[in-house]
J.: 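Here it is: the structure, laid out below.
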Amino acid sequence: TLASCGGDSGKTNNDTTATPSGGGETTTEAADSNPDAKGFLKDEIPADTNFGGATVNMLIREKIANTEFFVEEATGDIVDDALISRNDKVEERLGVKLNFITMPGEWGDKDTFNGAIKQSVLAGDGAYDLCAVLSNQLATLTLDGLLTNLNTLPYLDFEKPWWAKGLLDELAVDDKLYFASGDASLGLINGMMCVFYNKKLCEDFSIPDMYDIVNNGEWTIDKVVELTENTYQDLNGNDKVDKEDQFGFTTGSFNQLYGFIDSFNLPILEKDDNGQPSKVVFDSEKVVDAVDKLVSLFKDNKAFATLSKDGDDYQIAFKSGRVLFCTGEFKDTSTYRDISAFDYGVIPFPKYDTTQKDYRTTARATYSSFCIPVTANNAEMSAAVLECFASESYRQVSPAYFETALKVKYSRDDETSQMFDLIKSSVTFSFATSFTMAINDPQNTFKQRIAELKSDWASYMATWKPAAEEKLATTLETIKELP
């Protein structure tokens with residue numbers, strides 16, 4: 001059971017007031033500028049906006065079509081109902097008809113999906129007004145010159161809480177932004193990395209209240225080591241460390257290892273004086289030390305465990321009550337929903353040390369980012385629909401999801417709600433991770449080296465970095481030449 005467990009200190013480690021925003025964004029602005037009846041910020045699309053019944057064609061990935069975009073008919077499920085209500089509201093407010101075009105678009109089908117967008121642009125047929133694409137594929141589409149610069153369009157306001165914060169600061173190069181995400185993609189919330197913890201084991205090992213530790217800014221990797229001391233037990237008695245044993249800290253999926261890049265605030269790129277990404281610094285002393293630390297923990301500390309490839313062994317171990325802390329993503333709550341033997345809580349990934357001010361969260365790159373092809377029939381209409389779709393999702397879909405999937409009645413004074421708020425408001429976006437595929441893939445390089453327990457980061461970087469620098473230079477040059 002996901003319990004609102006912990007003391008009732010009510011403290012959050014944020015400078016701002018947590019509002020009961022469906023997007024879980026902690027902003028003071030949302031509390032006092034233009035709220036609806038439930039306290040959620042409204043968008044600023046003029047009330048008389050009307051596109052005369054025009055059809056808006058949105059290309060989406062087949063796999064998530066009926067969990068994030070539309071359902072054929074009302075089922076009584078609160079999230080399904082919210083999807084219907086959101087779509088109806090967008091159509092009614094803007095005088096449009098939404099037409100979702102589904103196509104296989106996960107990792108294995110990325111070339112087909114990207115190819116459909118490219119073919120449409122080359123043919124100039126205006127087949128797609130909006131596209132919701134697997135997030136790590138946007139770099140390819142951008143660099144191929146297929147997308148409209150969103151910063152040139154009306155209606156879109158990336159300062160609003162339904163857009164992931166930092167989009168403009170981090171992803172825009174020369175004030176050009178070609179894709180965006182936020183509440184419009186339920187997958188972004190689904191994929192937010194976090195740490196699940198077993199409350200019963202916390203009690204067994206006399207661990208203090210975890211929410212207090214987090215709120216006091218003390219949740220660091222060294223604190224993890226301290227709290228997990230003596231937690232390892234060879235439960236099957238075979239004198240081997242294996243997945244049947246009891247652990248202190250495990251990865252639910254080895255893909256979550258790259259969550260430490262953001263949570264430790266490890267720099268991949270450095271910016272120049274104009275705030276543009278300029279050079280690769282993934283070989284800095286801090287990164288070398290962090291990789292060393294993680295590798296030695298997973299290699300030499302029996303309380304720590306990770307797989308070297310994809311698999312759910314440690315998710316199963318957590319579910320069985322044999323893991324104290326297990327990395328995961330918000331969507332894992334559906335896997336853990338039927339746990340009855342113990343209560344569990346959710347906290348952010350740990351910081352590197354206490355001098356780091358904020359917790360920082362990564363969203364697994366399985367969510368959708370939204371873009372407008374250069375051949376969209378009416379880019380301004382596409383922009384209005386995207387802003388409206390995002391803001392209605394923030395007010396309707398996200399709260400429904402938090403309430404059902406995450407088993408939390410969204411409220412300001414509920415500690416679990418506050419943790420979800422903290423995690424969601426700490427999601428970071430960076431040019432380096434969004435364009436990872438275009439610059440020698442630092443994200444997965446980091447994940448793979450740690451998963452394989454390789455501690456030779458400095459020497460590995462010596463061979464990896466020159467190619468990354470060359471690719472970064474080409475990428476930046478290409479973007480600067482784009483319209």
Side-chain angles (χ1 to χ4, degrees), residues 4 6 9-33 35 38-41 135 157-171 180-195 210-219 259 261-265 328-331 333 345-351 356-364 367 390-391 393-395 397-399 401-403 405-406 408-430 433-434:
S4 164
S9 61
K11 298 188 293 291
T12 59
N13 197 30
N14 276 14
D15 304 329
T16 51
T17 318
T19 67
S21 58
E25 190 71 53
T26 47
T27 66
T28 40
E29 175 199 40
D32 53 27
S33 50
K38 291 181 180 170
F40 300 142
L41 189 67
S135 63
D157 183 349
F158 295 113
E159 300 301 322
K160 291 285 194 278
W162 42 86
W163 294 112
K165 71 174 185 218
L167 282 178
L168 291 176
D169 296 341
E170 284 293 340
L171 294 194
S181 195
D183 286 271
S185 171
L186 195 50
L188 179 66
I189 300 175
N190 255 322
M192 285 181 185
M193 294 191 192
C194 57
V195 173
M210 283 309 304
Y211 288 161
D212 280 350
I213 288 172
V214 170
N215 286 329
N216 293 336
E218 294 166 10
W219 178 233
I261 299 174
D262 277 330
S263 90
F264 287 179
N265 199 11
E329 297 155 40
F330 277 8
K331 67 177 171 58
T333 49
V346 183
I347 50 179
F349 259 52
K351 299 189 289 186
Q356 185 180 317
K357 183 171 169 281
D358 299 313
Y359 296 103
R360 296 165 58 87
T361 296
T362 302
R364 173 94 179 272
Y367 61 90
S391 85
S393 296
Y394 155 85
R395 284 187 297 279
V397 181
S398 297
Y401 173 79
F402 271 101
E403 195 171 312
L406 302 180
V408 172
K409 185 77 175 166
Y410 221 79
S411 68
R412 291 178 78 154
D413 54 357
D414 177 82
E415 282 207 309
T416 310
S417 297
Q418 285 179 4
M419 265 314 130
F420 283 131
D421 262 346
L422 175 67
I423 294 166
K424 184 173 187 298
S425 68
S426 70
V427 167
T428 58
F429 283 79
S430 72
T433 51
S434 293

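No hydrogens, no waters, no symmetry mates; every other heavy atom, side chains included, goes into these values. What you see is a predicted model, and the numbers here were worked out from it, not measured in a lab.
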J.: Given salt bridge (Lys or Arg N to Asp or Glu O under 4.0 Å), test Asp183 with Lys424 step by step and report yes or no.
T.: CA-CA 11 Å; Asp183 286 271; Lys424 184 173 187 298; 3.7 Å; yes
J.: Working to the nearest 0.5 angstrom, can you tell me the gap between Ser425 OG and Gln418 CD?
T.: 11.0 Å
J.: Indicate yes or no for a side-chain donor-acceptor contact from Arg395 to the backbone of Leu41 under 3.5 Å, with no hydrogens or angles considered.
T.: yes
J.: Can you see which heavy atom on Ser393 is nearest to which on Ala184, and at what distance?
T.: OG-CA, 3.9 Å
J.: Can you measure from CD1 (Ile347) to CE (Met210) and round to the nearest 0.5 angstrom?
T.: 3.5 Å
J.: Just how far is it from atom CZ of Arg364 to atom CG of Asn190, taken to the nearest 0.5 Å?
T.: 11.5 Å
J.: Return the set of residues passing side chain to side chain contact (heavy atoms under 4.5 Å, CB included) with Ala180 (not counting sequence neighbours), or none when no residue passes.
T.: Leu150, Phe158, Trp163, Leu167
J.: Give a yes or no answer on whether the side chain of Ser185 reaches the backbone of Gly182 with a donor-acceptor pair at less than 3.5 Å.
T.: no
J.: Got a sec, which residues hit side chain to side chain contact (heavy atoms under 4.5 Å, CB included) with Thr362, two or more places apart in sequence or on another chain?
T.: Met193, Tyr258, Asp262, Gln443
J.: Which distance, rounded to the nearest 0.5 Å, do you find between the OH of Tyr401 and the OG1 of Thr333?
T.: 5.0 Å
J.: If you take all heavy atoms of Tyr211 and Val346, which pair is closest and at what distance?
T.: CE2-O, 3.6 Å
J.: Do Tyr394 and Pro161 come within less than 4.5 Å of each other through their side chains, counting heavy atoms only?
T.: yes
J.: Is Tyr367 reaching over with its side chain to a backbone N or O of Ser181, donor-acceptor style, under 3.5 angstrom?
T.: no
J.: Could you check whether any side-chain heavy atom of Asn215 comes within less than 4.5 Å of a side-chain heavy atom of Met419, counting everything from C-beta outward?
T.: yes
J.: Please report the shortest heavy-atom distance between Pro350 and Ser263, naming the atom on each side.
T.: O-OG, 2.9 Å
J.: Measuring from Phe402:CZ to Asp421:CG, what's the distance to the nearest 0.5 Å?
T.: 7.0 Å
J.: If you look at every heavy atom in Tyr359 and Leu422, which pair is closest and at what distance?
T.: CD1-CD2, 4.1 Å
J.: How many angstroms lie between atom CZ of Phe429 and atom CD of Glu170, to the nearest 0.5 angstrom?
T.: 10.5 Å
J.: So do Asp358 and Ser426 actually touch side chain to side chain, heavy atoms under 4.5 Å?
T.: no
J.: Of all residues at least two apart in sequence or in a different chain, which pass the ring-ring contact (aromatic ring centres under 6.0 Å, His included) check with Phe349?
T.: Phe260
